[in-house]
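Heads up, the thing below is written out as structure tokens.
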Amino acid sequence: MAHTETIAVAMSGGVDSSTVAAILAWDAAGGDETLTTDSSTASLPKVVGLTLQLWDQTRLAGKHGIPEAPKAGRCCSLDDVYDARRVATHLGIPYYVVKQEERFEQDVVRPFVDEYLAGRTPIPCSLCNNHLKFDQLLKTARSIGATRIATGHYAVNEYDSARQRWILKRPADLAKDQTYFLFGLTQEQLAHTLFPLGRMTKPEVREVARRHGLALAEKPDSQEICFIPGGDYKQFLTAYLEEQGREMPDTAGELVASNGEVIGRHDGISSFTVGQRKGLKVASPTPLYVLNIDPASHRVTVGADTELATRTLRANRVNWISIPALTGPMRVKIKIRHRHEPAWAMIEPLRDEASEASLANPGEALGAATHRVEVDTSVLAIFDEPQRAVTPGQSAVFYDGDEVVGGGWIF
């Protein structure tokens with residue numbers, strides 16, 4: 001039977017994306033593995049493996065405490081490229097490495113550094129998904145004749161003919177849910193993306209990998225940010241700025257209590273994140289936590305754990321998925337961190353000076369790219385119950401049941 005299309009599998013070298021490649025390659029050979037995938041993958045495609053080469057893992061090795069040898073268990077390492085190539089050879093599918101180091105540094109690493117220096121806490125994985133894995137990779141796939149890409153993300157992607165929109169949903173295995181990192185996907189990207197693992201659990205995925213004879217069926221999941229050896233972002237910031245010929249900016253300032261009393265000093269705002277307890281270097285009869293970081297005055301406000309709770313958040317650069325735009329109040333659940341249990345809230349359109357400035361100058365905002373989002377706007381959210389440590393720089397993702405309504409960046 002003739003192949004009807006070409007599907008490019010984004011192969012990271014992990015068990016998930018490798019299993020996706022095995023499932024689709026089996027479909028292409030006329031196997032019956034389609035029972036474990038979305039039914040849209042059953043059209044006997046030609047399968048091609050693509051791996052994004054994003055960062056030289058040895059680039060900053062040995063500087064400022066960064067390990068000389070890259071640690072195992074990190075996404076997109078050189079070992080992962082070898083593993084992906086080995087899987088492609090085992091499956092008998094074409095395989096290519098796509099070099100995107102320059103784009104990755106521009107759209108992920110530099111914004112990550114700048115956000116931390118500004119006292120915010122960024123999410124590089126979401127930026128990578130928005131700018132590389134579902135943007136540049138799709139363009140590369142099209143250049144080799146592929147019509148769609150498939151990834152190992154745990155998410156469900158369906159077309160709703162009544163709404164005439166592609167809908168992103170939480171997966172069967174909620175413990176592996178990755179929709180929080182996928183909120184930036186556009187309708188165009190969703191229309192050309194497959195998530196074959198969306199209705200499977202992790203144990204089922206490993207079993208399929210074993211059944212296909214994949215040597216990495218038991219390979220542990222990656223745990224660290226791919227470009228930060230050892231997981232210490234402070235070491236990375238220092239080493240990266242030095243390499244770039246930039247000095248760590250002097251953002252030392254006052255450590256103040258929530259009542260305004262100065263109780264100490266700190267060496268720089270990049271050392272803190274909202275909700276942090278360790279490393280404050282100040283004596284207190286009760287535990288203190290970072291409540292707020294002011295990049296203008298360099299003041300870091302600390303207080304009791306109970307003071308971290310808030311009922312409101314603001315998010316900008318919102319991308320809508322299940323709706324074309326937010327025109328009025330809407331009741332949703334909001335996730336403010338990857339491991340956060342979504343909490344009930346009301347969201348409504350927000351127009352203030354900060355959001356208007358972002359709209360007027362979208363290119364100045366971190367990661368902003370008007371061609372990637374359908375509506376660049378801001379929202380105000382009011383939670384039913386106070387939420388702990390709402391952190392600027394993190395994502396707020398809105399859910400209606402299992403559907404991702406949209407998401408944006410907390411500011």
Side-chain angles (χ1 to χ4, degrees), residues 111 115 120-131 133-135 151 153-158 165-187 189-190 193 195 198 274-275 310-326 329-350 355 358 365-369 372-411:
E115 281 288 270
R120 293 184 289 270
T121 307
I123 307 179
C125 295
S126 293
L127 289 174
C128 187
N129 284 335
N130 293 353
H131 294 284
K133 291 182 179 176
F134 294 91
D135 180 63
T151 80
H153 289 90
Y154 286 81
V156 172
N157 183 19
E158 297 177 341
R165 296 188 70 80
W166 284 90
I167 308 300
L168 182 66
K169 295 183 178 181
R170 302 184 76 185
D173 192 339
L174 293 181
K176 301 299 295 181
D177 181 9
Q178 291 172 296
T179 55
Y180 179 76
F181 301 109
L182 301 173
F183 75 88
L185 298 190
T186 67
Q187 288 291 298
Q189 290 164 349
L190 287 168
T193 300
F195 298 121
V274 171
T310 179
R311 287 192 60 205
T312 63
L313 71 73
R314 296 183 300 168
N316 60 12
R317 290 170 281 136
V318 175
N319 179 58
W320 300 111
I321 295 179
S322 69
I323 59 176
L326 184 68
M330 181 178 184
R331 191 156 175 77
V332 297
K333 281 190 171 182
I334 303 179
K335 179 180 279 198
I336 58 173
R337 284 179 296 277
H338 176 44
R339 297 300 182 187
H340 175 248
E341 181 64 28
W344 282 109
M346 187 72 74
I347 57 174
E348 60 184 48
L350 173 67
S355 59
S358 174
L366 167 66
R372 293 192 185 93
V373 292
E374 295 188 342
V375 179
D376 189 354
T377 187
S378 300
V379 301
L380 170 68
I382 302 177
F383 291 99
D384 289 8
E385 301 293 336
Q387 300 300 303
R388 184 183 185 277
V390 174
T391 307
Q394 296 279 291
S395 303
V397 180
F398 318 129
Y399 294 86
D400 180 5
D402 285 337
E403 292 186 5
V404 178
V405 177
W409 302 90
I410 299 171
F411 71 101

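All values derive from a computational prediction rather than experimental measurement.
Contact detail for Gly393 and Glu115: the closest heavy-atom pair is CA-OE1, 4.0 Å. The shortest heavy-atom contact between Leu326 and Val379 is CD2-CG1, 3.8 Å. A pairwise comparison of heavy atoms in Lys333 and Trp344 identifies CE-NE1, 3.1 Å as the closest pair. Residues Phe195 and Val156 share a closest heavy-atom pair of CD1-C, 4.4 Å. Pairing each heavy atom of Gln189 with each of Gly184, the nearest pair is OE1-O, 4.1 Å. Nearest heavy-atom pair across Gln178 and His153 is OE1-CA, 3.0 Å.
Proximity of a side-chain donor or acceptor of Gln387 to a complementary backbone N or O of Glu385 within less than 3.5 Å is detected. A donor-acceptor contact shorter than 3.5 Å is absent between the side chain of Asn316 and the backbone of Phe411. Asn129 places no side-chain N or O within 3.5 Å of a backbone atom of Leu182 that could act as its donor or acceptor partner. Side-chain N or O atoms of Arg337 include one that pairs as donor or acceptor with a backbone N or O of Ala389 at under 3.5 Å. Between the Arg170 side chain and the Thr179 main chain, no donor and acceptor come within less than 3.5 Å of each other.
Atom-to-atom distance recorded for Leu350:CG and Thr377:OG1 is 7.5 Å, nearest 0.5 angstrom. For the atom pair CD1 (Ile323) and CE (Met330), the distance works out to 5.0 Å, reported to the nearest 0.5 Å. The distance from the CD atom of Glu348 to the OG atom of Ser378 is 12.5 Å, given to the nearest 0.5 Å. The CG atom of Leu185 sits 8.5 Å away from atom CG of Asn157, with the distance rounded to the nearest 0.5 Å. Considering NZ of Lys169 and CG of Asp402, their distance stands at 7.5 Å, rounded to 0.5 Å. A distance of 11.5 Å separates CD in Gln394 from NE2 in His338, rounded to the nearest 0.5 Å.
His340 has its side chain out of reach of Val390: every pair of non-hydrogen atoms, C-beta onward, lies at least 4.5 Å apart. The shortest side-chain heavy-atom distance between Lys176 and Pro171 does not fall under the 4.5 Å cut-off. Counting heavy atoms from C-beta outward, Asp400 and Ser322 have side chains that stay 4.5 Å or more apart. Between Val404 and Phe398, every side-chain heavy-atom pair lies at or beyond the 4.5 Å cut-off.
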### Query
Between Phe383 and Thr312, does a side-chain contact (heavy atoms from CB on, under 4.5 Å) hold up when you go through it step by step?
CA-CA 6 Å; Phe383 291 99; Thr312 63; over 6 Å; no
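A side chain to side chain contact (heavy atoms under 4.5 Å, CB included) with Ile347 is found for exactly one of Ile382, Val318, Leu313, Val332, namely Val332. Each of Ile410, Ile123, Ile336, Ile334 was checked for a side chain to side chain contact (heavy atoms under 4.5 Å, CB included) with Ser395, and the lone residue meeting it is Ile123.
Relative orientation of the Phe183 and Trp409 rings is perpendicular, given thresholds of 30° and 60° on the angle between their planes.
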